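Heads up: the structure comes next, in structure tokens.
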Amino acid sequence: MTREDFQQRIDSGIKIEPKDAMPEDYRKTLIRQISQHAHSEIVGQLPEGNWITRAPTLKRKAILLAKVQDEAGHGLYLYSAAETLGITREETIEDLLSGKAKYSSIFNYPTLTWADIGAIGWLVDGAAIVNQIPLCRCSYGPYARAMVRICKEETFHTRQGFDIMLTLARGTPEQKAMAQDALNRWWWPSLMMHGPSDAESKHTAQSMAWKIKLFTNDELRQKFVDQTVPQAEYLGLQIPDPDLKWNAERGHYDIGPIHWDEFYNVIRGNGPCNRERLQARIEAHERGAWVREAAAAYATKQRTKAA
Ligand code: FAQ
């Protein structure tokens, strides 16, 4: 199939399935994005996992435990979707553990107080869902289908985060100050999560042509800002941006400049928690070696029996 024929299929809205012919760079772009997405879900368990033992009530603990388990599930669906493109799970995971593959910048920030768990649900899952709902309509079938369930769960995650923030914002002055402090620390990293500005984004144009991405990074960032500012107002919290203002002409909020140096520093491996996060995954992988060995031995035994 020529590139033109492939593009025609994409333009007419046909979903591409694993056994279909596809240009090699389409396949590679999907492997890159889906595996980075999977790694983000897996590493993304760590900042919140840090608070499971310290959640303030049994109910909050049960909810947080379920949320973190959901993130593990999302990682697994996405690793499976990546496998349909011809890369093995071992290779994908090796790329994460060796530091070759990226995962979302946002998970390299520390969770210092309980309010950070509220801020992650509200802002980080909020930003994730703005990005992920369009992915349910992306051109690659297995990725699009995995995203449907993921988005349903992320909606619950965002609501639980907002509920924590609401409880704190309506609590004692100390609790409200904790919520404000968490918003101050998570706001800008949540905006960076959407990726570099359109002018700097090297993959957007091609990924949009292939309908792997349906909106640009800046479009999704704007959507996130527009939906989140009124929520902050409802909470009675201040977004930490003196330049934030409604622009009636554009019908959107304007924001102040994003510190892209910080973003690039984090994705180069120098954020506050990059080393700690990778180390935690390496140790978990090493601790799980006996499970992989036992599963492989069992499979060999079954094969020998059947032969
Ligand atoms: N962090 O040309 P672009 C979640 C990299 S899931 C690190 O714009 P693209 C759920 C990018 O990979 C969060 N790296 O790239 C949850 C590329 O590097 P490369 C993850 C980033 O792919 C919640 C380079 O910069 N979501 O949070 C970031 O067209 C709570 C140039 O960038 C997804 O992965 C970043 N923030 O657009 C879990 C969604 N941004 O590969 C637990 C799917 C960019 O050339 C708790 N992914 N880079 O070396 C996407 O939609 C896209 O891949 C973007 C980036 C929008 C992230």
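Note that ligands are numbered from 1 as they come in the structure, with each ligand's atoms numbered from 1 the same way. Since the model is a prediction, treat every value here as computed from it, not as a measurement. Positions are given from 1 along the sequence.
Of the options G121, P196, G195, the smallest heavy-atom separation from atom 32 (O) of ligand 1 is shown by P196. When R221, K67, K102 are ranked by how near their heavy atoms come to atom 19 (P) of ligand 1, first place goes to K102. Proximity annotation for atom 16 (C) of ligand 1: of F215, F107, Y103, F107 comes nearest, heavy atoms only.
At the top of the distance list for atom 12 (O) of ligand 1, counting protein heavy atoms only, stands Q36 OE1, 2.8 Å. For atom 39 (C) of ligand 1, the nearest protein heavy atom (residue, atom name, distance) is N131 OD1, 3.2 Å. The shortest contact between atom 9 (P) of ligand 1 and any protein heavy atom is with K213 NZ, 3.4 Å. For atom 1 (N) of ligand 1, the closest non-hydrogen atom of the protein is S105 N, 2.8 Å. D125 OD1, 3.3 Å is the protein heavy atom nearest to atom 23 (C) of ligand 1. Nearest to atom 42 (C) of ligand 1 among the protein's heavy atoms is E71 CD, 3.4 Å. If you check which protein heavy atom lies closest to atom 28 (C) of ligand 1, you get F263 CZ, 3.6 Å. The nearest heavy-atom contact from the protein to atom 26 (N) of ligand 1 is H37 CD2, 3.8 Å.
Neither the backbone nor the side chain of I106 has any atom closer than 4.0 Å to an atom of ligand 1 (non-hydrogen atoms only). Looking at E48 against ligand 1, only its side chain comes within 4.0 Å, counting heavy atoms.
Aromatic ring pairs are classed by plane angle as parallel below 30°, tilted from 30° to 60° and perpendicular above 60°; the pair W188 and H259 is parallel. By the 30° and 60° cut-offs, the orientation of the rings of W260 relative to Y264 is tilted.
A side-chain donor from one of T88 and E91 sits under 3.5 Å from a side-chain acceptor of the other. Side-chain contact, E283 with Q279: a donor N or O sits under 3.5 Å from an acceptor N or O.
The closest approach between H157 and ligand 1 stays at or above 4.0 Å for every heavy atom of the residue. A heavy-atom separation below 4.0 Å is found between E154 and ligand 1. Residue contact annotation: Y143 has a non-hydrogen atom under 4.0 Å from ligand 1.
The N/O atoms of Q132, backbone and side chain alike, include none that comes under 3.5 Å of an N/O atom in ligand 1. For a threshold of 3.5 Å applied to N or O pairs, the pair formed by M193 and ligand 1 contains at least one separation below that value. Here's the thing with S207: none of its N/O atoms is less than 3.5 angstrom from an N/O atom of ligand 1. The distance criterion of under 3.5 Å between nitrogen or oxygen atoms is met by H203 with respect to ligand 1. No N or O atom of Q45 sits closer than 3.5 Å to an N or O atom of ligand 1. Looking at ligand 1, you'll find an N or O of K202 within less than 3.5 Å of one of its N or O atoms. At least one N/O-N/O distance between N217 and ligand 1 falls below 3.5 Å.
Under a 4.0 Å N-O distance rule, the pair D218/R221 qualifies as a salt bridge.
A 4.5 Å side-chain heavy-atom check between P134 and K213 finds every atom pair outside the cut-off.
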Test salt bridge (charged side-chain N to carboxylate O under 4.0 Å, His left out) on D163 and R60; report intermediate values, then the result.
CA-CA 10 Å; D163 186 61; R60 291 288 187 201; 3.0 Å; yes
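Listed by number with element, the atoms of ligand 1 under 4.0 angstrom from any heavy atom of E41 are 6 (S), 10 (C), 16 (C), 38 (C).
Side-chain N or O atoms of K15 include none that pairs as donor or acceptor with a backbone N or O of A144 at under 3.5 Å.
Both V225 and F215 are part of a single hydrophobic cluster, where members link through side-chain heavy atoms under 4.5 Å apart.
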